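Below: the structure, in structure tokens.
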Amino acid sequence: MAFYVVQFLTGLASAASLFLVASGLSIIFGVTRIVNFAHGAFYMLGAYVAFTLTERLSGASGFWGGIIVASLIVAVIGVVVEMTLLRRIYHVPELFQLLATFGLTLMVEDLVVLIWGPSDLLGRRAPGFKGAVDFFGQNIPSYDLFLIVIGPTVLVLLWLLFQRTRWGVLVRAATQDRDMVAALGVNQKWLFTSVFALGVFLAALGGALQIPREAVNHAMDLRIIVDVFVVVVIGGLGSIVGAFVAAVLVSELNAFGILIFPKISIVLVFLVMAVVLIVRPWGLFGKQEGPARRTPRLTIHPWRPLTATERIAAAVVLALAAALPLIGGNYALNVASEIAIFVIFAVSLHFLMSVGGLASFGHAAYFGLGAYGVAFLAKLAGLPMIVCLLVGPLLGLLGAAVFGFFAVQLSGVYFAMLTLAFAQIVWSIAFQWVALTGGDNGILGVWPESWAASPARFYWLSLGVAALVVAALRIAVFSSFGFALRATRDSPLRGEAIGIDGKRIQWTAFVIAGTIAGVAGALFAYLKGSVFPDSLGISLSVDALVMVLLGGVETVSGAIVGAIVYKVLSIWLVSQTDLSKLVLGGFIILIVVIFPRGIVGVMETIARRRQASTRPALLSSGIETAE
């Protein structure tokens, strides 16, 4: 019995730091509506800065002073980020904010390696809490008991701040209705800045308090951000009490899951998140948001058939791409094959986002399922490659059909978070079901057969499939199904009034997108010769979002251009510099701030301006153009 009590107390200690980080993210999103993917980066910075200060300052006062000063320093960094970057993008849709904060995360990852090095850093023990307390023969670290007290203490302080101060009342009001707060004359800029500073301070404090418990490393940000998203969604956006309860729930599930359900311990947390989103989308303690009066949204221009000139240009580009094996070496062909595969992956998500109006944060689930489907058929069943390529993606179709049924019942950020939960469930199963998937050792030896074994042949295969997928999606867009999907995206009520079953149409689009992502995953498995759980991970889902937004989600060909530019930049930067993430992250932020419509969107804008400027000249010279 004592062992289980100790395990429970260990879970409570872990919940303290998780609550600090999650409460900060919940406050920031509740007020500013920023989907702050960089919140984990601030947590990591808090740990690194605290390590430096506590190592240089001696004594108990130096250690605890270093913890607080480190959190304040990172909070100041957060204020600078908010004033210089986030203020510029408050008016843009949430997806672009996600893209910008993801770029910031990439930059911070390389900066901490540049400053502190790539090795793990072991912090010193907390003065006054170096020993352990005996509990019926079981030792409980005294520092864990300290953290158990810290959690409720911070909760009470935050509750008093938000319930007993004018600033707290304004923050709670902004969480419910920002437009009304602005109408009352409140300076939203400084309110947002103060909220962001508090949220970053809490994240940094959570990271700083972890240095006596775990090594500081540059992978801390992505590891914590997933758990934090889970906590915020379960507890309810903007609810501090909800963040605390959810942090305890998640931490205890992690603590006891490994004992009771060792084979599915990681899955439990995401199952709970999925159930909460389905039953109560706004969380256990959250409230339904008030109607927004000025909600930034994507402006998707109607797709139109290609003109004759555009068809000829597309055919020429495809012919030039097909001629690459005549001039390119094996390495170039392997890179080109990977780019073609990610074009397929990106266009599948772009179809869902642009035509369907559904932004998935977990699209890699279906990419990975397609890859595992091929691996199972090739390695376990020994089927021919052509059969594997035709049947393997059906596993992605099956996953999309099941998950999509629940996901399309929601919308906005709740839809996105549910897709993330489902993706993490699939990743957890792949990671822990070692007997079937090999766990983190993966499935090896998934090589193409002789007819597609050479780099040139595999490239032609990938390019051909990519061309067919793009053509098939365009046909779908201009079919009756495509028009019904766009009607559901633009006006669900009007669509329903004319007899369109919006949920069924969206579910069908979800299945189509998931199946095409599975096709990309199937080809990727043969390209790499292996399949690992990373093919299902959140980082790959974010990569897909970056490709779509980088090219331009509001454009027709944005996903193709975005995938090519992003993959070329990623591969080239890795070969040219050790700070590839820093450069790539800066490029992503630059695109979001200066060219929020993406690369293709900017090109279209320039073309329209040129056309508009030449038309008056033609008319003044007596030349008219026939429409």
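In this text the structure is predicted, and so the values were computed from the model without any measurement. Count residues from 1 along the sequence. We use all heavy atoms of the structure for the numbers below, so side chains are in, but hydrogens, waters and symmetry mates are not.
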Centroid separation Phe146 to Tyr143 less than 6.0 Å: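 Centroid distance Phe146-Tyr143: below 6.0 Å, so yes.
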I'd like to check [X] versus [Y] (side-chain heavy atoms, cut-off strictly below 4.5 Å). Are they in contact?
| X | Y | result |
| --- | --- | --- |
| Ile148 | Leu145 | yes |
| Tyr43 | Leu20 | no |
| Phe415 | Phe510 | yes |

Tell me whether Ser26 contacts the main-chain N or O of Ala22 through its side chain, where contact means a donor paired with an acceptor under 3.5 Å.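 No; zero donor-acceptor contacts below 3.5 Å.
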Testing the basics here: between [X] and [Y], what is the closest heavy-atom pair and its distance to 0.1 Å?
| X | Y | value |
| --- | --- | --- |
| Arg213 | Asp144 | NE-OD1, 3.1 Å |
| Lys189 | Arg87 | O-NH2, 3.7 Å |
| Ser360 | Leu545 | O-CD2, 3.7 Å |
| Ala274 | Phe422 | CB-CE2, 4.0 Å |
| Gly40 | Ile225 | N-CD1, 3.7 Å |
| Phe51 | Leu122 | CE1-O, 3.4 Å |

Using 30° and 60° as the class boundaries, would you call the ring planes of Phe8 and Phe256 parallel, tilted or perpendicular?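 Phe8 and Phe256: tilted rings.
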Assign the ring pair Phe102 / Phe37 to parallel, tilted or perpendicular, where the plane angle (0 to 90°) is split at 30° and 60°.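 Rings of Phe102 and Phe37: perpendicular, as their planes differ by over 60°.
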